[in-house]
Amino acid sequence: MSEAVSKPGRVEEISSTANPRIKSIKALAMKKNRDRESVFLVEGEKLVHDALASGWIIRTLIYARKAHDDERLAPRVEKLATQVRARGGDILIANDKVLTSITRRDNAQAIVAVVQQKLVSLADKITPANEVWLGLDRVRDPGNLGTIIRTADASGVKGIFLVGETTDPFALEAVRATMGSLFHVPLMKINPADFLAIMESVKTAGGQAVGTHLKGAVDHRAIDYSNGPQLLLMGNEQQGLPEDLAKACHQLALIAMDGAADSLNLAVATGIMVFEARRHALG
Ligand code: SAM
């Protein structure tokens with residue numbers, strides 16, 4: 001049987017910020033444009049490399065012409081460009097002005113890529129295995145979301161449910177904050193009603209849904225996270241968990257605090273929870 005081979009991508013040199021391809025890449029700063037094309041922007045050699053290595057599809061690779069003059073960078077950029085072209089992606093070679101206009105940053109990265117979005121279905125992945133999953137209720141801040149994805153990756157969380165209206169995981173600020181973990185942690189968007197069914201299925205699989213709440217009755221360190229799948233649920237930055245989701249949790253955990261702060265930052269609270277739930281498996 002013959003394998004499908006993609007046609008190699010095109011190579012183009014661009015020096016004007018008014019070039020229509022550059023204009024459409026710049027337009028990806030807006031969510032509606034990212035969603036319409038189902039793509040997003042990734043900056044920097046490491047993230048582009050991570051995307052490729054994890055099998056994400058790179059539609060376009062844009063790199064600075066000056067990369068050719070950098071002895072250290074040139075072979076690495078060439079290698080990335082060859083791989084991207086071989087998989088059908090286009091290569092744009094641009095000047096600093098063009099790259100800065102795309103990333104809206106002085107000192108723009110020498111490499112930027114347009115990558116195809118990927119969300120998956122996690123509903124059927126929850127098994128009786130003793131794994132940790134994360135549910136984020138209406139997370140608003142892209143920096144928080146990116147930091148949570150990175151932290152979830154580091155702790156070995158299996159996947160993240162984005163419940164209700166959440167900020168876009170493919171926004172540039174979120175992608176930057178993931179430091180590449182976006183390519184390693186499966187994400188699923190889900191509405192609250194379907195998520196309630198997931199919470200039930202976790203119980204059926206022998207595990208539990210642990211909500212985090214300022215009125216939580218159980219110290220988060222006193223919970224046994226070792227039986228079956230563990231679904232940790234974190235609330236919205238301003239409002240915390242809504243009542244229906246809180247009620248459906250099998251336990252509500254509190255991270256004990258001292259001092260005058262009335263709550264923890266969402267990403268910090270998530271970090272504490274996932275590392276506690278994964279403690280038995282780490283180090
Ligand atoms: N005003 C909100 C409230 O009353 O719930 C505060 C939300 S807090 C900034 C965001 C989320 O972080 C919470 O919904 C919860 O999931 C988690 N969180 C923050 N501090 C926590 C703590 N001490 N114990 C348990 N969860 C906490």
Side-chain angles (χ1 to χ4, degrees), residues 122 126 131-169 171 173-174 177-178 181-182 185-200 202-203 207-227 229-280 282:
L122 298 176
I126 293 182
E131 295 169 337
V132 176
W133 300 81
L134 198 51
L136 302 177
D137 155 53
R138 298 165 301 154
V139 51
R140 280 280 172 274
D141 182 88
N144 268 349
L145 179 54
T147 304
I148 289 171
I149 293 170
R150 180 180 179 186
T151 308
D153 180 20
S155 68
V157 162
K158 283 288 161 191
I160 301 178
F161 294 90
L162 301 173
V163 187
E165 284 293 310
T166 65
T167 190
D168 185 11
E173 196 187 340
T178 72
S181 290
L182 175 67
V185 181
L187 301 179
M188 177 183 188
K189 285 190 181 165
I190 190 164
N191 65 48
D194 290 342
F195 187 70
L196 284 168
I198 297 278
M199 291 170 83
E200 265 316 295
V202 163
K203 198 165 191 187
Q208 60 182 343
V210 177
T212 52
H213 206 289
L214 299 177
K215 294 193 180 127
V218 193
D219 184 307
H220 79 290
R221 294 162 298 189
I223 295 173
D224 179 3
Y225 301 95
S226 66
N227 283 321
Q230 305 291 311
L231 179 56
L232 308 181
L233 184 53
M234 310 301 301
N236 167 274
E237 288 98 330
Q238 276 83 41
Q239 294 154 19
L241 282 180
E243 221 172 285
D244 56 344
L245 288 183
K247 265 196 183 144
C249 290
H250 309 118
Q251 307 209 51
L252 282 182
L254 172 71
I255 303 167
M257 296 183 292
D258 204 349
D262 54 17
S263 69
L264 293 162
N265 162 276
L266 170 64
V268 171
T270 309
I272 292 173
M273 286 303 296
V274 292
F275 275 93
E276 181 62 26
R278 291 275 303 148
R279 190 150 61 100
H280 62 280
L282 297 171

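Order of appearance sets the numbers: ligands from 1, and atoms from 1 within every ligand.
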* To do: Mark the output for Gly211 as yes if a heavy-atom distance to ligand 1 is under 4.0 Å, and as no if none is.
  => no

* Side-chain donor-acceptor pair present, Gln230, Glu131, cut-off under 3.5 Å -> no

* Structure fact -> For atom 2 (C) of ligand 1, the closest protein heavy atom turns out to be Gln238 O, 3.3 Å

* To do: Please examine the side chains of Phe161 and Asp194, heavy atoms only from C-beta on, and report whether any two atoms are closer than 4.5 Å.
  => no

* Got a second to check how far Gln251's CD is from Leu232's CG, nearest 0.5 Å? -> 11.0 Å

* Give the residue, atom name and distance (to 0.1 Å) of the protein heavy atom nearest atom 22 (C) of ligand 1. => Leu214 CD2, 3.6 Å

* To do: Enumerate the atoms of ligand 1 whose separation from the nearest heavy atom of Ala253 is less than 4.0 angstrom.
  => 25 (C)

* Asked: What is the closest protein heavy atom to atom 5 (O) of ligand 1, and at what distance does it sit?
  -> Gly240 CA, 3.4 Å

* Structure fact -> min-distance protein heavy atom vs atom 17 (C) of ligand 1 -> Ala269 CB, 3.7 Å

* To do: Using a strict 4.0 Å cut-off to heavy atoms of His213, name the atoms of ligand 1 that fall inside it.
  => 25 (C), 26 (N)

* Just wondering, do Thr151 and Thr270 contact through their side chains at under 4.5 Å, heavy atoms? -> no

* Asked: With a 4.5 Å heavy-atom cut-off, do Phe195 and Leu233 have their side chains touching?
  -> yes

* Glu276 and Arg279 ion-paired at < 4.0 Å -> yes

* Asked: For atom 20 (N) of ligand 1, which protein heavy atom lies nearest, and how many Å away is it?
  -> Leu264 N, 3.0 Å

* Could a heavy atom of Asn236 be found less than 4.0 Å from some atom of ligand 1? -> yes

* All side chain to side chain donor-acceptor pair (under 3.5 Å) counterparts of Ser181, not counting sequence neighbours -> Asp153

* Asked: Where is the nearest protein heavy atom to atom 6 (C) of ligand 1: which residue, which atom, and how far?
  -> Glu237 O, 3.8 Å

* Per-atom contacts, ligand 1 versus Met257 - under 4.0 Å to a heavy atom -> 23 (N)

* Sole residue of Leu122, Thr166, Val163, Leu162 in side chain to side chain contact (heavy atoms under 4.5 Å, CB included) with Ile190 -> Val163

* **Option whose closest heavy atom lies nearest to atom 15 (C) of ligand 1, chosen from Val268, Val139, Thr212** => Thr212

* Above 12 or not: heavy atoms from other molecules or residues under 6.0 Å from NZ of Lys247? -> no

* Structure fact -> From the list Met273, His250, His220, side chain to side chain contact (heavy atoms under 4.5 Å, CB included) with Val210 holds only for Met273

* To do: Looking only at distances, please establish whether an N/O atom of ligand 1 is found under 3.5 Å from an N/O atom of Leu266.
  => no

* Structure fact -> Of all protein heavy atoms, the one nearest atom 23 (N) of ligand 1 is Ile255 O, 3.0 Å

* To do: Give yes or no for whether the N/O distance cutoff of 3.5 Å, strictly under, is met between Gly235 and ligand 1.
  => yes

* Asked: So is there a nitrogen or oxygen of Met234 less than 3.5 Å from a nitrogen or oxygen in ligand 1?
  -> no

